[in-house]
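Comments concern the structure below.
Just so we're on the same page: letters track the sequence lines, and every chain starts at 1. As the structure is a prediction and not an experimental result, all values here were calculated from the model.
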Protein chains: 2
Amino acid sequence: MSINNKPASRVRRSPEASRSNILSAAESLLVAQGPQSLRLADVAKAAGVANATVLHHFGSIDAVQKALMERMIADLVESIMAVDVPLDDPAAAREVALRTLFDAFETRGAARLAAWLELTDETSRLTLVREAVQEVAQKKMANANLPAELVEDLILLSVTLAVGVGLFGPTLGRLIGKPPERARELTLQMLLANLERLSL
Amino acid sequence: MSINNKPASRVRRSPEASRSNILSAAESLLVAQGPQSLRLADVAKAAGVANATVLHHFGSIDAVQKALMERMIADLVESIMAVDVPLDDPAAAREVALRTLFDAFETRGAARLAAWLELTDETSRLTLVREAVQEVAQKKMANANLPAELVEDLILLSVTLAVGVGLFGPTLGRLIGKPPERARELTLQMLLANLERLSL
DNA sequence: TTATTTATTGACATTTTTGTCAGTAACGTT
DNA sequence: AACGTTACTGACAAAAATGTCAATAAATAA
């Protein structure tokens, strides 16, 4: 029997890089397997570090989850606010904006994030979202001269529907023998038709 | 110091009644506090029985959760299929049907059920739903002479949106300073307008 | 009444998950 | 090269959650 002489080499990251590495691993777990798999051992393993490392950086597994929520919300808001819609072509602008939104919710895990927040009663962390909504409403108000109220309604409607479509659309579609993207297409079609009618 | 002489009286239910009691308690927990509170001790306490009683009837806490999923799905399908829509008045029929659906998802916990199923990868339990969808599509096809394909699309769309509205509508509405039912109203308005246009 | 069945339970055992700690090793500074 | 800081780790402790079991008591049958 040979004696194990591993050099015991280590990766040493900056605190921020390490936190980020851990959160990214946790995010993958969340999207792929759901919140119940966000256990200390699982997250650590996915991140390729020891359990104690996770605790060193976050203090508790609970804090990891909270931090993940915050980061995912921030990323989501940022990625959506960053989309530049063609200002000269309203129809194209609507479509680009909505497709980006629905894509974020369906393929980037935002719908799962929303469901997770809701089921764990952590919706108080959504202040960033409120600010983003208000910012967009203001801007639209200034640019297109639309009442902020109306824009808010539009966002409320779109985001709510995007949650449903992103979370359950593919599953329900497949269940009844339709392509997974069917629910999204139907929803977008309907939304776009209505926006056109209201010329938003 | 007095010696404790509790009579040790017990409630003794039929197996079915006991199972039902436990599942109802679990359902309340799920709706009020989310799936992560479906722990053995919590469920037993909410049901007013000992931990061992729960295990006696279900074998494991996991089995309790599975049974709860099944029961909630069955209840949901049944309550929705039981609605009788006014056959003579298409417009009224549409509205009644959709309001019932959205109500089930928003206030009766169906949206939370859907999210739970999705996040725990238990969507294979939805066969009852598939059957219900096909039954409705058949019936509609016969009654109103509409292609089953189209009816299926309509159901896919409605249910998917109901999930989003039921799960996230109230929260997002409140977040941006609107009444919690705002998202539902906007969605119903839009759906009904489109159904009218397509005369479904 | 007595016997039988079994839903129910507290006490205990097991497993799972989280958290602590003292020591190790990577990296920058001197 | 020596030193200080601290990210990192394995081994261990603690807590939380699940599950086992023998005994108890409520219902029904004999």
Sequence neighbours excluded, the answer for side-chain hydrogen bond (donor to acceptor under 3.5 Å, both in side chains) partners of B:S14 is B:E16

Integer-rounded Å distance: [N] [atom2] and [X] [atom1]:
X     : N      : atom1 : atom2 : value
B:D62 : C:dT15 : CG    : C1'   : 14 Å
A:L55 : D:dA15 : CG    : C1'   : 14 Å
A:R13 : C:dC27 : CZ    : C1'   : 15 Å
B:R39 : D:dA15 : CZ    : P     : 17 Å
B:H57 : D:dT20 : NE2   : P     : 16 Å
A:F58 : C:dT18 : CZ    : C1'   : 16 Å
B:I61 : D:dA16 : CD1   : C1'   : 14 Å
A:Q36 : C:dT18 : CD    : P     : 13 Å

Give a yes or no on this: more than 12 heavy atoms of other residues, nucleotides or ligands lie within 6.0 Å of atom CD of B:Q189. no

Interatomic distance, [X] atom [atom1] to [Y] atom [atom2] [nearest 0.5 angstrom]:
X      : Y      : atom1 : atom2 : value
A:L113 : A:E122 : CG    : CD    : 11.0 Å
B:L23  : B:R71  : CG    : CZ    : 5.0 Å
B:L150 : B:K140 : CG    : NZ    : 10.0 Å

Considering only D:dG19, C:dG19, D:dC8, which nucleotide approaches the side chain of B:S60 most closely?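 Nearest to the side-chain atoms of B:S60, counting from C-beta on, is D:dG19.
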
*Are any side-chain N or O atoms of A:K178 and backbone N or O atoms of A:L172, one a donor and one an acceptor, separated by less than 3.5 Å?*
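Not a single qualifying donor-acceptor pair exists.
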
Residues 127-136 of chain A vs side-chain hydrogen bond (donor to acceptor under 3.5 Å, both in side chains), sequence neighbours excluded, gives none

For residues 52-62 of chain B, run the donor-acceptor check on the side chains, cut-off 3.5 Å, and write out each pair with its distance to 0.1 Å, sequence neighbours left out.
unit_1, atom_1, unit_2, atom_2, d
B:H57, NE2, B:S18, OG, 3.1
B:S60, OG, B:D62, N, 3.4
B:S60, OG, B:A63, N, 3.0
B:D62, OD2, B:K66, NZ, 2.8

Please produce a list of atom pairs where a protein N or O lies less than 3.5 Å from an N or O of nucleotides 9-12 of chain D.
unit_1, atom_1, unit_2, atom_2, d
D:dT9, OP2, A:A50, N, 3.1
D:dT9, OP2, A:T53, OG1, 2.6

Q: Could you tell me whether the side chain of B:R12 has a donor or acceptor atom within less than 3.5 Å of a complementary atom in the base of C:dT6?
A: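 When only heavy-atom distances are counted, B:R12 does reach the base of C:dT6 through a donor-acceptor pair under 3.5 Å.
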
Next on the checklist: For DNA chain C, which residues of residues 18-30 of chain A approach it to below 4.0 angstrom with any heavy atom?
Outcome noted: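 Output list: empty, so none.
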
Please tabulate, one pair per line, all N/O donor-acceptor pairs under 3.5 Å involving side-chain atoms of residues 154-171 of chain A, not counting sequence neighbours.
unit_1, atom_1, unit_2, atom_2, d
A:S158, OG, A:L154, O, 2.7
A:T160, OG1, A:L156, O, 2.5
A:T171, OG1, B:E118, OE1, 2.7
A:T171, OG1, B:E118, OE2, 3.1

